[in-house]
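Following: one structure in structure tokens, then a few remarks.
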Amino acid sequence: MASSVLGSTAGEPVVDIADVMQKMAEHKGCGTSSEGGKASCGSSAGPADMPPEIWEKVKNHPCYSEEAHHHYARMHVAVAPACNIQCNYCNRKYDCANESRPGVVSERLSPEQAARKVLAVASTIPQMTVLGIAGPGDPLANPRKTFETFRLISEVAPDIKLCLSTNGLALPDWVDEIAKYKVDHVTITINMVDPEVGQHIYPWVFWNHQRVEGIEASRILMERQLKGLEMLTERGILAKINSVMIPGVNDMHLVEVNKAVKARGAFLHNIMPLISAPEHGTVFGLNGQRGPSAQELKALQDACEGDMNMMRHCRQCRADAVGLLGEDRSAEFTTDKIMAMDVQYDAEGRKAYQEAVEAERQAKVAAKADEIAGLDAVGEISVLVAVATKGHGVINEHFGHAKEFQVYELSAKGAKFVGHRRVDLYCQGGFGEEDALDTITRAINDCHAVFVAKIGGCPRADLEKAGIEPVDRFAHEYIEASAIAWFKDYLANVASGAIVHVERGDAAIRQGAYSGGALLAG
Amino acid sequence: MPYKIVAGQCTNCSACEAECPNEAISEQGTTFVIDPAKCTECIGHYDTPQCVAICPVDHTCVIDTALPRYQGAPA
Ligand code: SF4
Ligand code: SF4
Ligand code: SF4
């Protein structure tokens, strides 16, 4: 595929790369995109404000680079079911494919099956550049299976990046092994740096052949996590920190966590909302511990941002997810299917695709630079807008088909990606239309407008009634350039008195993990 | 002899398998089971039975009361 196919300038409808890829990989595309300075989601930072060697490591990594996560895919294989600690937000007793909460997978693989699956997927989906092992337990509580999987894959497909996600308890023991397999991305879930806080999150850890409970458990865990992080940093292995925001337990404390991990060289800090409902059977689910609202989550992320990269595009995916963040194609790659597949590893095709993506990314950056000029006069006003997209940084999803909305903050600084909101399927869900629409309205209630490729008459009227402007005039155009163009109109209308600027309320975070996305706890 | 796994509660997580000092635990179909002939209640190895300590579901690795307690290695 020639990269010229993808060229496009601001304002013109974008060449539908999704279409091209559809033929190439039967790939549906997903969506988040926004790049720009560190003021944006941090990891969306481009080469300008990041050391070149780090940019090289993250630019194709969907979990780390908010820009890349639009174009590249990752997959997880579930080879590591055992865990060495207990978290109050995890219950590994039930395996439920519907709710796909963190720590749950439907299929366990041997290292050999996992390697085969990875090659099958990489040959079918050229943008698959990252393989992660993230559970369903802790990869480092299953070291033999984890490293055997890495070994098998690195022999056949050395271009695939390897990463793993751990609770950190066993990390210091395995850092050298991690370095040996050139695993250059490690995620540690750190929810506290104070055992007083930790005792309300971790009932026990398994340490030195004993179950250690109470405050001592968290003291051990915290020391091991921070030591592991320091050891990774010493060896130049990128470390991302995940934290689960648990209101009333560690929410304020996460600012301290942010400082502690920053000081030890963590490259990215991802704060995720607690997922908690009684039917999950977790301690937090059963004792009524609530998760944060969208506004609470954003406020904390903002407080932690500073000069640290914050990751806002995490979707708390399942451990066996396959695909771009926000979509899950695992059903196409069940063990039976991959064992029957004739797998040919197509290194050439993969390279061609990845070159095409580079060109597309450049075009997008150029489009945004044009629009941002002239925004300096904005003043204090900032608004949120929601975007329906299937991927590639373009507004290309029908309102009724959107499974999630990307949320951008518009201000004098331009358009900044600040998160995504999951919604029930409005067209296909088994609910009445009114309920589904209500769900969407609640999920994006803090937004002034919603950008879509298309929208029907009824939802349009209802959205307007809820004070959210449906915008379809930028169908198939770049998200950020369009959002900024709309924002300029909005500001002009406010200035002329045609409309009055009002703040909007909070929004609800939907409970239940998304079945596709970045890494959660080990 | 003494410990057994309550099949209905086992999550199949395999954590106990790696911790048993006697390789008494293995996967059998949809659950993990303890070979009573190999289990020593961890006596002589650890202070606490390892399977009990690591199992994420309480009361899943339990004493099998149908069998006599471990009596130490046969002479
Ligand atoms: S570390 Fe992961 S698998 Fe282990 S208990 Fe916590 S969330 Fe569950
Ligand atoms: S009690 Fe000890 S010896 Fe017996 S099965 Fe459990 S871990 Fe193995
Ligand atoms: S640790 Fe418990 S849940 Fe896991 S396999 Fe062993 S008995 Fe089953």
Side-chain angles (χ1 to χ4, degrees), chain A residues 78-96 101-111 135-148 167 169-170 173 202-213 217 220 280-283 286 319 521-522, chain B residues 1-65 69-73:
Chain A
V79 295
C83 190
N84 47 13
I85 71 171
Q86 182 63 54
C87 305
N88 278 338
Y89 49 78
C90 176
N91 176 353
R92 286 166 288 133
K93 188 164 174 180
Y94 305 105
D95 183 324
C96 169
R101 64 178 179 267
V104 174
V105 290
S106 4
E107 205 175 21
R108 266 190 308 147
L109 301 175
S110 69
D138 186 76
L140 300 180
N142 304 260
R144 196 198 63 77
K145 291 172 187 157
T146 296
F147 291 111
E148 177 64 4
N167 61 41
L169 182 65
D173 303 336
Y202 304 104
W204 56 264
V205 303
F206 185 76
W207 176 245
N208 276 342
H209 300 288
Q210 278 174 33
R211 182 181 282 207
V212 180
E213 300 179 340
I220 295 168
H280 296 167
T282 61
V283 170
L286 294 172
Chain B
M1 291 151 220
Y3 278 82
K4 67 171 181 183
I5 290 170
V6 180
Q9 303 212 100
C10 173
T11 66
N12 251 353
C13 78
S14 82
C16 53
E17 184 186 22
E19 298 304 328
C20 176
N22 297 308
E23 295 185 13
I25 307 176
S26 61
E27 190 170 8
Q28 307 278 318
T30 57
T31 183
F32 280 74
V33 298
I34 294 172
D35 179 348
K38 289 187 180 167
C39 172
T40 64
E41 300 180 24
C42 285
I43 291 166
H45 292 278
Y46 302 110
D47 294 345
T48 48
Q50 298 297 287
C51 53
V52 177
I54 196 146
C55 181
V57 191
D58 288 345
H59 314 300
T60 298
C61 299
V62 294
I63 294 275
D64 187 346
T65 50
R69 295 297 297 261
Y70 179 68
Q71 302 296 321

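Each chain gets a letter, A, B and so on, in the order its sequence line appears, and its residues count up from 1. Every value quoted in this text rests on a predicted model; they were computed, and no experiment measured them.
By the neighbour-count criterion of 12 heavy atoms within 6.0 Å, atom CG of B/D58 is densely surrounded, having more than that number from other residues, nucleotides or ligands.
Nearest heavy atom pair, residue A/N84 against residue B/I54, reads CA-CD1, 4.3 Å. Scanning all heavy atoms of the two residues, the minimum distance from A/F206 to B/A53 falls at CE1-CB, 3.5 Å. Closest heavy-atom contact between B/V52 and A/R211: O-NH2, 3.3 Å.
B/Q50 touches chain A through backbone and side chain together, each having a heavy atom under 4.5 Å away.
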Checklist entry - Stepwise, does the side-chain contact (heavy atoms from CB on, under 4.5 Å) test hold for A/K145 with B/S14? => result CA-CA 12 Å; A/K145 291 172 187 157; B/S14 82; 3.6 Å; yes
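Between B/C13 atom SG and A/D138 atom CG the span is 12.0 Å, to the nearest 0.5 Å.
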